[in-house]
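The structure appears below as structure tokens.
Chain identifiers are assigned alphabetically (A, B, ...) following the order of the sequence lines, protein sequences preceding nucleic acid strands; residue numbering begins at 1 within each chain.
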There are 2 protein chains.
Amino acid sequence: MSAEQAAPSRIERKRGRRIQEILTAAAELFGERGYAAVSLEDVAERLDVTKGSLYYYFASKDALGTAAIETLGNEWTSRLENLPAAQEGPPAARLRALLREHITIAVREYPAALGLFLVPREWPREQHERIKELRRRHDGLFRRVVEEGVASGEFRVTDVGTALQCMHASMSQAPVWCEGLAGAAVDRAIERLADTLMMLVGQAP
Amino acid sequence: MSAEQAAPSRIERKRGRRIQEILTAAAELFGERGYAAVSLEDVAERLDVTKGSLYYYFASKDALGTAAIETLGNEWTSRLENLPAAQEGPPAARLRALLREHITIAVREYPAALGLFLVPREWPREQHERIKELRRRHDGLFRRVVEEGVASGEFRVTDVGTALQCMHASMSQAPVWCEGLAGAAVDRAIERLADTLMMLVGQAP
DNA sequence: CAGAGTTTTGACCCTCAAGTCAATACCTGA
DNA sequence: TCAGGTATTGACTTGAGGGTCAAAACTCTG
């Protein structure tokens with residue numbers, strides 16, 4: 001009753017890291033091939049362990065899937081929340097910073113996460129709710145900036161909700177569009193996409 | 001060797017209709033739940049037949065999937081190609097007509113087809129190519145109008161390809177966004193989306 | 001109505017992936 | 001170094017779903 005939150009003992013930290021490894025591998029595979037098309041044996045193989053080992057950490061495939069989504073989504077959102085360039089200044093600059101960062105994360109670091117924000121239909125229902133929850137928090141970041149820009153008259157938007165949806169739908173596809181590109185070409189694609197999406201709030205480059 | 005294309009006999013027409021029914025049911029289910037998550041038994045059940053019956057018409061699940069994509073995609077593209085409002089007039093009006101029609105079809109008639117133009121990753125490779133092919137033809141329609149608008153100076157676009165990709169990504173999600181809406185609310189959502197996408201070429205409503 | 005052609009059935013096989021678990025290997029601190 | 005918990009294995013069960021096929025049911029047409 002006293003020190004319940006006290007000890008992140010060595011053993012617990014090790015366990016935590018292991019779980020993290022598993023989640024990363026799982027998220028990558030799910031993103032690459034789709035949830036239904038990935039077997040736990042695939043995940044295990046990528047980690048050079050056996051399936052049974054995964055069940056030591058997660059009760060089921062769905063549990064693993066859910067955890068993967070949450071971890072990845074939280075991490076991603078946190079990074080955007082703490083992006084310096086998005087903290088202050090004119091809305092246009094802040095929105096652009098958010099867009100660029102979001103696309104960069106999607107393309108360069110978590111091509112894995114493709115679909116996380118799109119709620120792939122074949123995923124279990126329970127996870128749909130979780131993903132929607134994550135999206136709301138994530139969306140809030142963009143929404144605040146856009147609404148501010150609209151209020152100050154800098155942005156011209158028909159409907160904020162629709163504009164945000166279009167941004168997310170487009171960004172979620174970015175990893176696909178960048179397949180086959182490399183080096184500077186990727187950077188250019190990212191910039192083009194950010195520029196194009198700024199048009200949604202009436203900001204020509 | 002002589003009259004190979006001659007006879008669409010009664011029996012052949014009946015067969016054709018049956019195939020059409022199967023394709024429709026299959027496309028609906030694939031759209032709703034995702035390719036991998038739909039079993040042929042599911043498809044059969046929706047048609048009140050047994051699995052074996054499907055194999056009388058299609059050699060495999062993949063064959064069925066491929067055929068479903070092609071049929072649906074062709075029909076869809078043809079409708080856009082023959083849209084009167086998209087034939088002549090200022091590019092802005094024509095683009096808007098294309099957008100509105102495309103979204104309407106997506107939302108009202110083929111929510112089934114969700115993902116057809118997004119190339120869901122878990123689908124068999126062979127089908128990716130087919131979908132890409134379909135998309136090229138489909139894209140051409142939009143591209144022509146947009147490029148014309150850019151040439152005449154009416155549109156302001158950073159990059160035509162990127163703008164088109166954003167349009168498609170957004171429209172593909174429209175059925176999801178309209179879930180739970182009904183009647184006039186759907187129409188309004190369609191208009192909002194069309195308006196928002198016009199922003200991508202610099203056209204405020 | 002008979003019988004040829006067409007369509008549908010339902011029982012069957014086979015593979016693959018989820019999930020279980022007793023036995024084993026691995027640590028680590030006393 | 002050995003006793004404790006901790007982590008991992010690999011062989012196993014089970015169920016679902018793709019695919020096959022001979023036999024039954026239907027549907028024309030003579």
Side-chain angles (χ1 to χ4, degrees), chain A residues 7-30 32-69 120-127, chain B residues 7-30 32-69 120-127:
Chain A
S9 68
R10 177 152 342 106
I11 231 156
E12 273 166 341
R13 269 180 293 133
K14 192 177 173 192
R15 183 185 171 87
R17 257 175 297 152
R18 198 79 238 255
I19 288 181
Q20 207 52 45
E21 280 174 20
I22 296 173
L23 289 175
T24 305
E28 275 175 26
L29 284 169
F30 291 156
E32 280 166 25
R33 302 189 214 153
Y35 184 73
V38 171
S39 76
L40 289 192
E41 221 122 20
D42 293 335
V43 179
E45 195 186 356
R46 176 163 300 203
L47 290 162
D48 280 315
V49 282
T50 31
K51 192 174 43 160
S53 196
L54 302 182
Y55 280 94
Y56 181 71
Y57 295 99
F58 297 94
S60 67
K61 186 183 179 185
D62 282 5
L64 174 54
T66 304
I69 288 178
R121 298 207 155 187
E122 91 267 16
W123 287 46
R125 284 288 141 199
E126 186 209 348
Q127 298 185 356
Chain B
S9 70
R10 180 154 339 109
I11 229 152
E12 273 165 342
R13 269 180 292 132
K14 193 177 171 191
R15 184 186 171 85
R17 256 175 297 151
R18 198 78 237 258
I19 289 180
Q20 207 53 45
E21 281 174 19
I22 296 173
L23 289 175
T24 306
E28 275 175 27
L29 284 169
F30 290 157
E32 280 167 24
R33 304 189 212 151
Y35 185 73
V38 170
S39 76
L40 288 192
E41 223 122 17
D42 293 334
V43 179
E45 195 186 355
R46 174 162 301 202
L47 290 162
D48 279 316
V49 283
T50 31
K51 192 175 45 163
S53 196
L54 301 182
Y55 281 94
Y56 180 70
Y57 295 99
F58 297 94
S60 66
K61 184 183 180 185
D62 282 6
L64 174 53
T66 304
I69 288 178
R121 298 207 156 185
E122 91 268 19
W123 288 46
R125 284 289 141 201
E126 186 208 348
Q127 299 186 355

Starting from [atom2] on [N], measure out to [atom1] on [X] and report it in whole angstrom.
{"X": "B/Glu41", "N": "D/dA16", "atom1": "CD", "atom2": "P", "result": "10 Å"}
{"X": "A/Glu45", "N": "D/dT9", "atom1": "CD", "atom2": "C1'", "result": "16 Å"}
{"X": "B/Leu40", "N": "D/dA16", "atom1": "CG", "atom2": "C1'", "result": "13 Å"}
{"X": "A/Leu54", "N": "D/dT8", "atom1": "CG", "atom2": "C1'", "result": "11 Å"}
{"X": "B/Phe58", "N": "D/dT20", "atom1": "CZ", "atom2": "P", "result": "15 Å"}
{"X": "A/Lys51", "N": "D/dG10", "atom1": "NZ", "atom2": "C1'", "result": "10 Å"}
{"X": "A/Leu47", "N": "D/dA7", "atom1": "CG", "atom2": "P", "result": "15 Å"}
{"X": "A/Arg17", "N": "D/dT6", "atom1": "CZ", "atom2": "P", "result": "16 Å"}

Original post:
Among D/dT6, D/dC28, D/dG19, which is the nearest nucleotide to the side chain of B/Tyr55?
Top reply: D/dG19
Subject >> Nearest to side-chain heavy atoms of A/Tyr56, which nucleotide of D/dG17, D/dG19, D/dT8 >> reply: D/dT8
State the [atom1]-[atom2] distance between [X] and [Y], to the nearest 0.5 angstrom.
{"X": "B/Glu28", "Y": "B/Asp42", "atom1": "CD", "atom2": "CG", "result": "13.0 Å"}
{"X": "B/Ile19", "Y": "B/Tyr56", "atom1": "CD1", "atom2": "OH", "result": "10.0 Å"}
{"X": "B/Ile69", "Y": "B/Leu23", "atom1": "CD1", "atom2": "CG", "result": "11.0 Å"}
{"X": "A/Leu47", "Y": "A/Glu45", "atom1": "CG", "atom2": "CD", "result": "10.0 Å"}

For [X], which contact category applies under a 4.0 Å heavy-atom criterion: base, sugar-phosphate, or nothing?
{"X": "A/Tyr57", "result": "sugar-phosphate"}
{"X": "A/Val43", "result": "nothing"}
{"X": "B/Ser53", "result": "base"}

Subject >> Lys/Arg-Asp/Glu bridge criterion (N-O < 4.0 Å) met for B/Arg15, B/Glu12 >> reply: no
Original post:
Mind checking who C/dG5 pairs with, Watson-Crick or G-U wobble, both distances under 3.5 Å?
Top reply: D/dC26
Subject >> Pairing partner (Watson-Crick or G-U wobble, both distances under 3.5 angstrom) of D/dG4 >> reply: none
**OP:** Respond yes when some side-chain nitrogen or oxygen of A/Arg18 is under 4.0 Å from OP1 or OP2 of D/dT6, and no when none is.
**Re:** no
**OP:** Would you indicate whether the side-chain heavy atoms of A/Leu64 and A/Tyr57 approach each other to under 4.5 Å?
**Re:** no
Original post:
Is there a donor-acceptor pair closer than 3.5 Å between any side-chain N or O of B/Lys61 and the backbone N or O of B/Tyr35?
Top reply: yes
Original post:
When you measure from the side chain of A/Ser60 to the backbone N and O of A/Ala63, does any donor-acceptor pair fall under 3.5 Å?
Top reply: yes
Original post:
If you pin A/Ser60 and A/Arg10 to their nearest nucleotides in DNA chain C, which one's is more 5'?
Top reply: A/Ser60
Original post:
Of all nucleotides in DNA chain C with an atom under 4.0 Å from a non-hydrogen atom of chain A, which is the first and which the last going 5' to 3'?
Top reply: C/dA17 to C/dG29
Original post:
B/Asp42 or B/Lys14: which one's nearest nucleotide on DNA chain D is closer to the 5' end?
Top reply: B/Asp42
